[in-house]
2 protein chains.
Amino acid sequence: MSATVVKALSLIEALSAGTAPIGISQLARELRLNKSTVYRLVDTLCRHRFVRQDPQSGRYALTTKLWELGVGVVQRLELREVARPVLEAVAQDSGEATLLGIVQDLDVLILDKVDSNQPLQIFSRVGTRVALHCTSIGRALLAFQSEDYVAQAMTKIARRTERTLVGRAELAAELARVRRTDAAECIDEWSLGVAGVAAPIRDLSGKVVASLCVTGPSSRFVARRLPKLRRMALEGARQVSDRLGYRPSGG
Amino acid sequence: MSATVVKALSLIEALSAGTAPIGISQLARELRLNKSTVYRLVDTLCRHRFVRQDPQSGRYALTTKLWELGVGVVQRLELREVARPVLEAVAQDSGEATLLGIVQDLDVLILDKVDSNQPLQIFSRVGTRVALHCTSIGRALLAFQSEDYVAQAMTKIARRTERTLVGRAELAAELARVRRTDAAECIDEWSLGVAGVAAPIRDLSGKVVASLCVTGPSSRFVARRLPKLRRMALEGARQVSDRLGYRPSGG
DNA sequence: CAACTGCGTTTCACTATTTGAAACGTGGCG
DNA sequence: CGCCACGTTTCAAATAGTGAAACGCAGTTG
């Protein structure tokens, strides 16, 4: 194993354990390493902004970089944990499968799934990707991304079925509708016979971080039933957002 | 500089950037490193629990360890930022200096300070340490530590002045009183002529993470004025706790 | 006020460590 | 069944890490 990396990692752990800035010499004593070695390692960590030297004391401390790099992991874990019971409840109530998805590059990454208990089921596995532009789970996310991101995603629009919405203007209008109603729908656009309704999930800061989707065969997503399914997706997403600390502010 | 460590750091950043687990080969391509090198580095990170291999896909992803190591930095920054205006306001209202302290090893670490505008001032600098057992800022923290920690701290009790409380039973009783009233006081115990009152600051989870202290010359901390100063420390600590997300639950 | 101490930092010859092409076993796919 | 790409292992060659010693500096001490 990379001995130098091991030393660098223990160094980071030592810096994390002490809350106050610490000097090279003391660090070397604690870790039983040579002073030069510690200096070189700390210097490397400094150059990469993992560590900062206090200009007054000359001592070193961690920056927020570790946290920045690690916070995503925790958020995703928390999201899955928090969303799981809601996915199950919505699947139970609706009789359809439910999905949890996040934006990943220019796709939707399926983070979690609860199958329906009905005989006719729709594919899709955890860890797979689906398109942003022609799925309900994707549009519920895409509608709340930055203009730049949407523009980039638009370049990737591909026709999947005869019913896929491929016009940019039409898609833009549809995204506006999603923002207005907080809900997205897609029928036969991703794959013929597959339909879904989805709603955005927001975190403490109000940012859309995921979306919850109710999906099943198009034959069951008929006009009479759609409003009910839409309400279920919305209510599920609202519950997850609430548990993530989101507090809607009037409007 | 430690080239190997640099590679390990970029590897961590690459793992953090992608939200889904990623394979050795792809990682090697992205970083333009040899597959063996990436494998050895990732293996090292795995052995130290910074990274975990998804047993199904064989791909690798960050664990929460980075976050755990970095979260303290952010919390301390946030604490200082949040506490600063309160320290200033309390200093203004009381006419005395205010301090913000946290537990560090078996001492109090002074994280921030606002001086009084009165001529007669008391020493103490940011970054220095004071004792847990014979200062108000220390007792406000010590009173809410674990039994084990308090037992360890008790072994470090030292007489600083003729008025220092050195009896274990007396100190234990005093800590109980601090827990009851949520406020600590110390007069002439740390240094003759120095007095202070302090109150604990709690975070979102209700844990005591810091304490706020109003300190000045004993000559100004007379019986007639003490209740008012105590109320100011309590109110200041309450405000900081509130801004950290603490919500007191009845009792 | 000079000697001392301990700090962060730099140097450099030595050597232990990292490197990368190649190959292995495996699992998925057409 | 053959193919491809994956994670993993190997090993000689080469590079990168090591640590004792010394530097300049600041603060402390007799």
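Numbered from 1 within each chain, the chains take letters A, B, ... in sequence-line order.
Phosphate contact (OP1/OP2 of C:dT17, side-chain N/O of B:Thr4, threshold under 4.0 Å): absent. For the pair B:Tyr60 and D:dT8, the criterion of a side-chain N or O lying under 4.0 Å from OP1 or OP2 is met. Look at A:Arg29 and you'll find a side-chain N or O under 4.0 angstrom from OP1 or OP2 of C:dC7. In terms of phosphate contacts, B:Gln53 brings a side-chain nitrogen or oxygen within less than 4.0 Å of OP1 or OP2 of D:dT8. Residue A:Arg40 places at least one side-chain N or O closer than 4.0 Å to OP1 or OP2 of D:dT18. Taking only side-chain nitrogens and oxygens, A:Ser36 never comes nearer than 4.0 Å to OP1 or OP2 of D:dT18.
Taking atom CE of A:Met1 as the reference point, atom C1' of D:dG17 lies 17 Å away to the nearest angstrom. Regarding A:Leu41, its CG atom lies at a distance of 15 Å from the C1' atom of C:dT9, rounded to whole Å. If you measure from atom CZ of B:Arg52 to atom C1' of D:dG7, you get 18 Å, rounded to the nearest angstrom. One can place CZ of A:Arg59 at 16 Å from P of D:dA26, the figure rounded to the nearest angstrom. Across the protein-nucleic acid pair, A:Ile24 atom CD1 and D:dT18 atom P stand 14 Å apart, rounded to whole Å. Between A:Asp43 atom CG and C:dT11 atom C1' the separation is 14 Å, expressed in whole Å. In this entry the distance linking CG of B:Leu27 with C1' of D:dT8 reads 15 Å, nearest Å. Across the protein-nucleic acid pair, A:Leu33 atom CG and D:dA20 atom P stand 12 Å apart, rounded to whole Å.
Remark: A:Glu189 does not engage A:Arg160 in a salt bridge, criterion side-chain N to carboxylate O under 4.0 Å. Between B:Arg49 and A:Glu13, none of the side-chain N atoms (NZ, or NE/NH1/NH2) sits under 4.0 Å from a carboxylate O, so this pair counts as no salt bridge.
For the residue pair B:Ser36 / B:Asn34, a side-chain donor-acceptor distance below 3.5 Å is found, with atom types taken as modelled.
At most 12 heavy atoms of other shown residues, nucleotides or ligands fall within 6.0 angstrom of atom CZ in A:Arg52.
For the side-chain contact (heavy atoms from CB on, under 4.5 Å) test with B:Leu100, the passing option among B:Val240, B:Ile110, B:Ile201 is B:Ile201; the others fail.
Summary of the strand contacts: A:Tyr39 and B:Ala3 both lie near DNA chain C, and taking for each the nucleotide with the nearest heavy atom, the more 5' one is attributed to A:Tyr39.
Side chain of B:Lys35, nearest nucleotide from D:dG19, C:dT19, D:dT8: D:dT8. Of the listed nucleotides (D:dG17, C:dA21, D:dC6), C:dA21 has the atom at the smallest distance from the side chain of B:Asn34.
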